[in-house]
Number of protein chains: 2
Amino acid sequence: MSEQRRGAVRSEASRVAILNATAALFAEKGYEHLSIEAIAAEAGVGKQTIYRWWPTKSALVAECMIEGFLMPGGAIPLNSGDIRSDLEAWVVAVFRFTEDPDNDVLIRSLVAAASDNGDIGRRLHDRLGASSELTERLAAAVRAGEVRPDLPIADVGEVLVGAVVLRILTREPTDEKLPTRLVDIVLGGPRPVA
Amino acid sequence: MSEQRRGAVRSEASRVAILNATAALFAEKGYEHLSIEAIAAEAGVGKQTIYRWWPTKSALVAECMIEGFLMPGGAIPLNSGDIRSDLEAWVVAVFRFTEDPDNDVLIRSLVAAASDNGDIGRRLHDRLGASSELTERLAAAVRAGEVRPDLPIADVGEVLVGAVVLRILTREPTDEKLPTRLVDIVLGGPRPVA
DNA sequence: TCTACAATACGAGACGTTGCGTCTTGCTGA
DNA sequence: TCAGCAAGACGCAACGTCTCGTATTGTAGA
């Protein structure tokens, strides 16, 4: 045992340069027109160094996403105590994010990447918030008795994200009341008049 | 005026052969690995004949979709008089359709195609039923007093389609109760016990 | 009416370009 | 000594343009 390894060790500088270049070119060109050669050139790296560590373009993009080089942050729903306005604010924030053409291209490219690579799909799913912050906010609402206790919160988050993604895909323009309507749908009707 | 044209006229046989070949190769290889040269060869047609009439691969796929060479039929929700079970049956049918790996590839390729071509996105949207049969069934439910009259039916259809698309993208396995939960969400709670 | 001609679409495929993924070379550092 | 590195050559596939020769169709002159 004790497999000693000798020889040079993997260069972290190259790795980071490659991820940075991938993120930059991805945002600029989109997933389809992303080329390994361009990434290598942009990163100042030999092609082999990319092929040595990542089997496919998809894997490279997936790692970019994991490491947070793509989609930094992401919307996090607040907890003001009012689940309805918090969800609405979240949807508004997401739509506002997608209004910037740059972000629009980014999202659609991510969808394209997801559509031919399962890993990317799953990570996109996590990162978009459906299984983390958004669900957490909904769970808090259940605990606070703000929504009916049998609400399938994981599915609610997914439905909201799905609606947003579909809007982006179909290029349907969003009207300003859409966030309210979406939240009404998933919460089972408009806010009761007090 | 009266700009007369002369010379040979466009060959309908070639046009149909190209669309057929595109549909066949699209379903077989997916959008990404679809090549114009392969389409030309499959259709027994010169490449120039394709480039003469379609500016891009996306446009070709879009026309395939318009003409119904792709996604024949599509699920049509029944009207049994019970909106809840009709919607559920529709969701089940759609998920069952996507369980076949062939259809799965087709759908994901359509999503990929939509993500870099707006026309395809819009047509996919129409064809998936969100703006036609599904909405019509929901409108009938409103007229019959089955659901609250202020339900934003167009958005409900979109939300359901979005949820299905997202499931396909994320490769999340579907459990058998998912259709029920999705319908519960958009209809504002589980079916009341009679 | 018939015939030449011009205009256009067609199948076929050559062409230069781009990006692929592999391989080689010479260098650097553990 | 051996592994990772940058650089880039290599053969391959598909790109989109272009040019052949042929077929089809309208226009115009006999």
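Residue numbers begin at 1 in each chain, while the letters A, B, ... track the order of the sequences. Remember, predicted model here, so these are calculated numbers, not experimental data.
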Ignoring backbone atoms, establish whether [X] has a side-chain N or O less than 4.0 Å from OP1 or OP2 of [N].
X	N	value
A:R52	D:dG4	no
A:W53	D:dC5	yes
A:R10	D:dA3	no
A:S14	D:dG4	no

With respect to the side chain of [X], which nucleotide from [options] is positioned closest?
X	options	answer
A:Q48	C:dC10, D:dG16, C:dT22	C:dT22
B:T49	D:dC5, C:dA9, C:dC10	C:dC10
B:R6	D:dA23, C:dC20, D:dG26	D:dG26
B:Y51	D:dC15, C:dG21, C:dC10	D:dC15
B:A8	C:dG11, C:dG29, D:dT24	D:dT24

Using atom [atom1] of [X] as one end and atom [atom2] of [N] as the other, report the distance to the nearest whole Å.
X	N	atom1	atom2	answer
A:E12	D:dC5	CD	P	11 Å
B:E32	C:dC20	CD	P	12 Å
A:I18	D:dA6	CD1	C1'	11 Å
A:K29	C:dT18	NZ	C1'	12 Å
B:I39	C:dG11	CD1	C1'	17 Å
A:I36	D:dA6	CD1	P	14 Å
A:W54	C:dG21	CH2	P	15 Å
B:I50	C:dA12	CD1	C1'	13 Å

Determine, for [X] against [Y], whether the closest basic-nitrogen to carboxylate-oxygen distance falls under 4.0 angstrom.
X	Y	value
A:E99	A:R96	no
A:R181	A:E176	no
A:R122	B:E172	no

Query raised in the report: Hey, does the Lys NZ or Arg CZ of B:R10 hover above the aromatic six-ring of B:W53, less than 6.0 Å from the centre and inside 45° of the axis?
Result: yes
Query raised in the report: Distance under 6.0 Å and angle within 45° of the ring axis: does B:K57 meet both against B:F26?
Result: no
Query raised in the report: Which residue, A:E37 or A:G46, contacts DNA chain D at a nucleotide closer to its 5' end, judged by nearest heavy atom?
Result: A:G46
**Report entry** Pairwise 5' ranking along DNA chain D for A:S11 and B:K57, keeping only the more 5' one
**Finding:** A:S11
Query raised in the report: Per the atom types in the model, does the base of C:dG21 pair as donor or acceptor with the side chain of A:K47 at under 3.5 Å?
Result: yes
